[in-house]
Amino acid sequence: MASPLSPAQSPLSPLQKIAVVGLGTMGTGIAEVLAKAGRDVVGIDISEAQTAACVAALESSTARAVARGRLTEPERAEVLARFHTATELTAAADADLVIEVAPESYEVKQQIFRELDGIVRPDTVLATGTNALSVTRLAADSARPERVLGLHFFNPAPAMRLVEVVSSVLTAPQAVTAVTDLAVQLGKEPVAVGDRPGFVADGLLFGYLNQAAAMYEANYATREDIDAAMRLGCGLPMGPLALLDLIGVDTARTVLDAMYAESQDRLHAPAPILKQLSEAGLTGRKAGRGFYTYEAPGSATVVRDALTPLEGGTLTPGRPVRSVGVAGSGTMASGIAEVFAKAGYDVVLAARSEEKAQAAKARIGKSLSRSVDKGRMTAESAVQTLERITPAGSYDAFADVDLAVEAVAEDLDVKRQLFAALDKVCKPGAVLATTTSSLPVIACARATSRPQDVIGMHFFNPAPAMKLVEVVRTVLTGDDVHATVREVCGRIRKHAVDCGDRAGFIVNALLFPYLNNAIKMVQDHYASLDDIDAAMKLGGGYPMGPFELLDVVGLDVSLAIEKVLHREFRDPGLAPAPLLEHLVAAGCLGRKTGRGFREYARR
């Protein structure tokens with residue numbers, strides 16, 4: 001049976017007149033985007049105060065655009081003339097498209113759709129802006145479910161380029177085409193997704209935010225360290241707890257509740273702290289307090305509270321460090337040696353052979369030459385830095401170092417053997433550090449006769465560029481050893497974050513479940529690689545999409561970390577996606593093999 005929107009009938013009319021129902025922050029932003037793009041817009045809200053605030057916001061934003069030379073005064077007048085407001089849904093009677101952005105409640109949204117059924121034309125497209133509720137459920141309650149779909153903008157709508165176009169099994173293709181074309185004409189980048197809670201961007205983002213909240217609730221790391229770790233370790237614009245405050249803790253809880261109801265994945269079950277904060281009214285920036293405390297409700301300025309760390313707090317004195325030994329000859333080892341040498345330390349770079357150590361030093365020389373070419377350091381400084389590095393073909397050369405940092409293969413047996421060797425070679429009082437990203441530091445420590453001197457220093461690749469170091473204490477690490485490493489991190493101009501000795505530490509424990517969930521979306525044919533990557537870059541501000549990142553990191557490395565996380569936390573949701581295992585088994589490891597999730601030109 002042909003629907004009213006079947007291909008046999010006339011196509012949808014251009015979406016020129018658009019009604020926006022709900023004039024909160026998102027509705028106001030969407031109305032602004034539409035009016036600036038030449039559409040006739042009617043903004044509808046039951047509150048006259050809200051409609052007045054929307055008009056004032058549009059007047060203010062267009063005035064700023066004129067001041068910045070982005071609009072002329074006549075163009076501004078045209079934009080304002082195209083926008084009208086109303087307090088009754090009947091104002092949408094002749095709209096080609098209605099975009100509903102009312103509160104996230106089935107009852108509220110279904111009531112709006114039922115009323116619209118008796119008001120709008122049969123060919124009017126009805127779009128919901130929900131990011132948490134089922135589009136199918138909303139459509140099924142409509143008199144014409146084939147014209148109902150999701151149109152999910154991101155906040156702030158004028159700035160964010162991503163729009164998720166959400167189809168249900170009932171949605172007519174012509175309706176999808178019409179709103180997709182509209183999104184393109186608005187200067188947005190639409191991605192097509194199916195109907196499941198959170199869709200693509202929020203479906204991946206909120207699981208990650210939830211895990212960060214649970215990590216904080218478990219007192220594993222401070223809020224400041226969790227946020228700094230994800231900003232500096234992953235290049236994200238905001239840390240997860242600050243982002244939860246911006247989104248609204250109550251909103252996050254609503255989205256996660258919907259996701260968990262659908263997936264039954266424990267990773268989506270809202271962390272109890274989200275409920276506690278929500279019910280206490282501590283919903284984030286809008287309330288003036290959430291995970292952080294703000295200057296005033298609605299302010300972005302964080303102020304000190306009882307949980308804020310003391311600046312320059314008293315620490316146990318550290319041990320003196322003048323010389324550093326770096327074990328290994330790969331990219332990470334040479335990068336770490338370069339970092340220490342640049343900071344003025346004498347460095348012994350030891351590998352399994354003199355030849356490998358010399359090759360690693362030569363790699364550092366090339367890196368320093370590039371820095372000189374780019375004007376980041378003088379030729380004289382580069383020469384002095386390289387002269388501080390002494391290559392060695394045996395770990396016996398570590399006899400006099402104050403700090404030994406291993407950066408060998410990510411294999412526990414290999415590392416344990418190395419620490420046993422360092423225990424024999426290094427002088428009493430030397431600090432022994434591992435750069436492991438996923439293995440237990442305590443296992444390295446127990447391979448020595450001095451576990452109190454062993455600590456984790458997890459650098460990120462490339463070490464000269466990445467500002468973060470995760471400082472990992474075991475239950476046996478001495479206070480003075482911890483203080484020593486914190487002081488050293490300051491001298492080498494790295495931002496140190498403290499965390500305990502458990503799989504993934506902060507960054508990998510939050511990053512890799514997110515990457516694994518992205519793989520599951522592709523595995524389930526929910527969305528394409530390109531759409532998921534675009535969604536996370538445009539909607540989440542990520543510097544790389546998850547599949548770009550997986551191919552850079554290496555699928556074998558990613559699988560190994562996923563297995564470690566699954567083994568440690570025993571959560572079924574952390575089990576590696578079968579698609580990842582299949583690709584690794586096939587030798588498709590990412591850029592290094594020329595093929596991973598995508599194919600790459602061989603160099």
Side-chain angles (χ1 to χ4, degrees), residues 15-105 108-109 112 116 127-131 151-161 163 182-183 185-188 245-248 250-251 281 283-288 290 294-301:
L15 304 179
Q16 287 297 326
K17 181 155 188 179
I18 302 173
V20 178
V21 180
L23 297 179
T25 302
M26 182 60 80
T28 297
I30 293 171
E32 177 182 336
V33 170
L34 293 167
K36 285 182 176 177
R39 284 349 193 242
D40 293 321
V41 183
V42 56
I44 304 171
D45 198 291
I46 57 174
S47 165
E48 289 187 2
Q50 202 67 53
T51 61
C54 180
V55 171
L58 185 57
E59 289 175 343
S60 177
S61 68
T62 52
R64 287 195 302 272
V66 170
R68 293 170 183 168
R70 295 173 183 169
L71 280 179
T72 65
E73 196 60 59
E75 287 170 339
R76 176 179 184 247
E78 289 177 11
V79 169
L80 296 175
R82 283 193 290 268
F83 181 67
H84 302 87
T85 61
T87 56
E88 299 290 339
L89 283 176
T90 51
D94 57 348
D96 304 312
L97 166 68
V98 180
I99 304 174
E100 166 277 312
V101 275
E104 288 289 89
S105 158
V108 172
K109 292 181 184 292
I112 289 170
L116 287 171
T128 173
T130 184
N131 66 344
L151 195 57
H152 181 211
F153 287 80
F154 287 74
N155 199 22
M160 299 295 280
R161 290 168 55 204
V163 174
L182 172 66
Q185 291 160 20
L186 296 176
K188 305 297 184 184
D245 276 356
L246 176 62
I247 292 168
D250 51 342
T251 300
T283 54
R285 282 192 193 181
K286 60 189 175 186
Y294 299 88
E295 198 170 51
S299 170
T301 303

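For Glu88, the CD atom counts as loosely surrounded, since its 6.0 Å shell holds 12 or fewer non-hydrogen atoms of other residues, nucleotides or ligands. Within a 6.0 Å radius of CD in Glu75, more than 12 heavy atoms belonging to other residues, nucleotides or ligands are found.
The OG1 atom of Thr87 sits 13.0 Å away from the CD atom of Gln50 when rounded to the nearest 0.5 Å. Atoms CD1 and OG1, on Ile247 and Thr283 in that order, are 12.5 Å from each other to the nearest 0.5 Å. Summarising the geometry, atom CD1 belonging to Ile44 is positioned 11.5 Å from atom CD1 belonging to Ile99; distances are rounded to the nearest 0.5 Å. In this structure, the separation between CG on Leu182 and CG on Leu151 is 7.0 Å, given to the nearest 0.5 Å. With values rounded to the nearest 0.5 angstrom, Leu15 atom CG is found 5.5 Å from Leu97 atom CG. Rounded to the nearest 0.5 angstrom, Leu58 CG and Leu80 CG are separated by 5.0 Å.
Annotation: side chain of Glu104 is in contact with side chain of Thr130 (closest heavy-atom distance under 4.5 Å). Side-chain contact check for Leu186 versus Leu34: some heavy-atom pair is nearer than 4.5 Å.
Smallest separation of non-hydrogen atoms from Pro103 and Val108: CD-CG1, 4.2 Å. The heavy-atom pair separating Ala91 from Ala86 by the smallest distance is CB-CB, 3.4 Å. Closest approach of Val101 and Gly129 over heavy atoms only: CG1-CA, 4.0 Å. Between Ser299 and Glu295, the closest heavy-atom pair is OG-CB, 3.6 Å. Across all non-hydrogen atoms, the minimal contact from Ala287 to Pro297 is O-CG, 3.9 Å. Looking at every heavy atom in both residues, Cys54 comes nearest to Phe83 through SG-CZ, 3.5 Å.
Of the possible polar contacts, none joining the Thr28 side chain to the Thr25 backbone as a donor-acceptor pair under 3.5 Å is found. The backbone N or O of Ala157 lies less than 3.5 Å from a partner atom in the side chain of Lys188, making a donor-acceptor pair. Of the possible polar contacts, none joining the Asn155 side chain to the Met26 backbone as a donor-acceptor pair under 3.5 Å is found. Judged purely by atom type and a 3.5 angstrom limit, Asp245 has no side-chain atom pairing as donor or acceptor with the backbone of Arg285.
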Q) Lys17 and Asp94: side-chain contact (heavy atoms from CB on, under 4.5 Å), yes or no, with the steps? A) CA-CA 8 Å; Lys17 181 155 188 179; Asp94 57 348; 3.2 Å; yes

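Residue pairs that meet the salt bridge (charged side-chain N to carboxylate O under 4.0 Å, His left out) test with at least one member in residues 55-73, sequence neighbours left out, are Glu73-Arg76. Counting only residues at least two apart or in different chains, salt bridge (charged side-chain N to carboxylate O under 4.0 Å, His left out) contacts with residues 23-42 comprise Glu32-Lys36.
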